[in-house]
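We name chains A, B, ... by the order of the sequence lines, and we start the count at 1 in each one.
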Amino acid sequence: MTAPVRVRFAPSPTGRPQVGNIRTAMFDWLLARHTGGSFILRIEDTDVARTEPGALEAIMDGLRWLGLDWDEGPDVGGDYGPYFQSQRLELYKEAAERLVKQGDAYYCYCSPERLEVMRKEQVARKQPPGYDRRCRDLSPQERARKEAEGIVPVARFKVPLEGQTRFKDLIYGDVVFENSTIDDFVMLKSDGYPTYHLANVVDDHAMKISHVIRGEEWISSTPRHLLMYRALGYEPPRYVHTPMILGPDRAKLSKRHGDVSILEYCHQGYLPETMFNFLVLIGWSLDDKTEILTRQQLIESFSLERIGKTGAIFNKEKLDWMNGVYIRSLSLEDFVQRSLPFLEKGLPAAVKRPLDIDYIRRMMPLVQERAKTLVEVPQLVEFFFVDQPDYNTELLIDKKMTLESTIKTLEVSRQRLQLMEVFDEALLENLLRPLAEELGLKAGQLFGALRTAVTGRTATPPLFQTMAVLGKERCLKRINAALEKLHQLSS
RNA sequence: GGCGCAUUCGUCUAGCGGCCCAGGACGCGUCCCUCUCAAGGACGAGAUCACGGGUUCGAAUCCCGUAUGCGCUACCA
């Protein structure tokens with residue numbers, strides 16, 4: 001696997017870039033980089049009706065986000081362009097005409113309505129549905145008559161009635177199909193656009209693609225492609241079908257079960273390096289223990305041989321874990337920079353902008369090891385910003401404490417805190433630990449009351465560090481507010 | 001219905017005839033650490049390797065069959 005490959009990712013711009021497709025693109029990219037080959041982006045915009053505006057940009061954004069740069073493609077050009085199939089219509093038409101001339105294809109004038117009825121009957125008779133080849137042997141006169149009626153035909157490939165078509169898939173091994181089970185499929189639609197089958201064969205040949213990497217769902221149509229390669233006199237590429245990514249019900253992942261756009265993971269605060277690592281591990285593994293791999297390690301160690309055969313369910317919990325691992329591995333400044341957009345968006349509108357970046361830098365070490373995704377960072381640090389945290393007064397009173405003892409505890413704490421000149425972590429600890437003992441409390445009881453008073457929460461980063469970041473003024477203000485709440489409760 | 005592909009802990013997987021009465025990871029449980037929450041550490045539960053036949057001295061690994069699941073079966077890709 002050292003010869004440079006030419007591989008292509010060929011999405012159709014009919015929707016957002018889903019993880020299944022992106023994973024295939026990653027395999028393409030990895031193989032290209034591993035072998036020093038080329039990764040080509042080709043847009044299969046042959047389904048005019050389903051093409052969605054914006055889909056192309058979204059696909060490119062998704063690839064860029066993951067760092068899957070392409071060597072040839074719509075925007076960067078290349079020697080084998082154009083890279084939009086809609087701009088290569090002439091090529092497909094020529095190929096189709098040639099096949100018709102050679103007797104390997106024919107024009108079909110059957111109406112969609114007739115085909116519909118035909119299929120229904122076939123299914124009713126428990127026959128395999130498929131084109132009945134009515135137009136396969138039309139006489140020139142019959143054809144002329146249809147043309148005269150103004151019917152615009154489609155071009156169908158003349159699949160051999162007998163024999164077998166076989167190929168060796170690099171992952172699944174030998175696959176054999178009886179030609180008799182394949183119907184005469186449409187190559188060229190009546191609107192002049194090719195179907196996937198034709199366009200794919202013509203372009204992969206024209207673009208000198210060496211390996212076709214695509215989802216397992218394409219295995220069944222591979223013999224059609226092979227038959228066309230043969231009829232056209234082209235050398236077929238190597239085929240690499242990859243296992244699918246499944247939904248929780250083991251069915252092909254769809255929008256229904258959250259096959260969300262790869263960009264959605266970006267918005268949800270997953271790091272691109274997490275997605276890259278995680279996605280490649282669905283269906284591929286290095287060995288029996290390595291889970292975290294850098295992009296460079298992946299390029300070096302990637303190989304087709306280690307791609308599995310079985311569809312895999314997308315394991316969200318594991319993704320979350322891995323994202324935590326990657327977040328923790330970030331340098332503080334990197335973590336700050338990546339969190340910034342999420343803070344801008346996620347912090348309450350009442351927090352004044354621009355955000356105080358230095359203040360943020362001081363609190364971020366406290367949340368870095370607690371965040372699983374970037375999108376939850378604002379939640380984690382919100383109490384640092386709000387004027388006065390909102391919380392239920394009961395939370396101030398520890399299970400083993402009373403209203404009175406809590407009031408007393410906070411009052412004494414306030415006095416002592418007020419006397420501090422330098423409000424840092426070490427000094428806070430030196431003050432507070434002995435204070436708990438002095439008050440006859442367990443450290444947790446004192447710290448718990450202070451924690452709630454100062455943050456409004458029962459689960460926060462370590463108290464002293466948190467208070468140090470908050471600063472003396474904010475802490476005292478909040479303790480005062482807490483005491484007020486408690487007094488209200490007692491009256 | 002036809003054709004094709006697949007089948008190892010709940011999930012992702014290692015395993016390509018003896019090292020496996022099956023290893024790792026996520027998740028889960030217990031414990032340690034500890035001011036809470038995380039993180040980290042230790043330990044544990046969890047798979048008769050879908051089932052049934054072969055082949056072999058020996059099979060999760062090879063062969064056949066069955067079952068189940070999934071995919072394809074469009075003038076979609």
Nearest-angstrom distance from the residue atom [atom1] of [X] to [atom2] of [N]:
X      : N     : atom1 : atom2 : answer
A:R125 : B:G2  : CZ    : P     : 16 Å
A:F447 : B:C37 : CZ    : P     : 15 Å
A:F157 : B:C75 : CZ    : C1'   : 17 Å
A:R306 : B:U13 : CZ    : C1'   : 10 Å
A:I219 : B:A6  : CD1   : P     : 7 Å
A:D191 : B:C75 : CG    : P     : 12 Å

Determine the contact category for [X]: base if any of its heavy atoms lies under 4.0 Å from a base atom, sugar-phosphate if only primed atoms, P, OP1 or OP2 are that close, otherwise nothing.
X      : answer
A:V176 : sugar-phosphate
A:R166 : nothing
A:T458 : base
A:T46  : sugar-phosphate
A:F177 : sugar-phosphate
A:M187 : nothing
A:E44  : sugar-phosphate
A:T195 : sugar-phosphate
A:P461 : base
A:G283 : sugar-phosphate
A:N315 : base
A:K126 : sugar-phosphate
A:V186 : sugar-phosphate

> Does anything in residues 432-451 of chain A pair up under ring-ring contact (aromatic ring centres under 6.0 Å, His included), and if so which pairs, sequence neighbours excluded?
Replying inline: A:F447-A:F464

>> What's the separation between atom CG in A:L446 and atom CG in A:L435, rounded to the nearest 0.5 Å?
In response: 5.0 Å

>> As a test of understanding, state which of A:Y196, A:F167, A:Y239, A:Y172 forms a ring pair (Phe, Tyr, Trp, His ring centres under 6.0 Å) with A:W218.
In response: A:Y196

Looking at [N], does its base get a donor-acceptor pair with the side chain of [X] below 3.5 Å?
X      : N     : value
A:K289 : B:A25 : no
A:R451 : B:C35 : yes
A:S220 : B:C3  : no

Are [X] and [N] close enough that a side-chain N or O sits under 4.0 Å from OP1 or OP2?
X      : N     : result
A:R250 : B:U11 : yes
A:R457 : B:C37 : no
A:S285 : B:A14 : yes
A:R119 : B:C75 : yes
A:K316 : B:C12 : no
A:K189 : B:A74 : no
A:K318 : B:G10 : no
A:R328 : B:G40 : yes

>> Within the supplied structure, the quantity of interest is the number of heavy atoms (other residues, nucleotides, ligands) at a distance under 6.0 Å from A:R166 CZ; does it exceed 12?
In response: no

Identified pairing partner of [N], criterion: Watson-Crick or G-U wobble below 3.5 Å:
N     : answer
B:C37 : none
B:G1  : B:U73
B:U7  : B:A67
B:C57 : B:G18

>> Salt bridge check, A:E273 against A:R338: does any charged N sit closer than 4.0 Å to a carboxylate O?
In response: yes

> Thinking salt bridges, do A:R98 and A:E94 make one under a 4.0 Å N-O criterion?
Replying inline: no

> Can you tell me how far C1' in B:G54 sits from the matching atom in B:U30, rounded to whole Å?
Replying inline: 46 Å

> Regarding A:T373 and A:E376, is there a side-chain donor-to-acceptor distance under 3.5 Å anywhere?
Replying inline: yes

> Do A:K485 and A:Y391 meet the cation-pi criteria used here (NZ or CZ under 6.0 Å from the six-membered ring centre, within 45° of the axis)?
Replying inline: yes

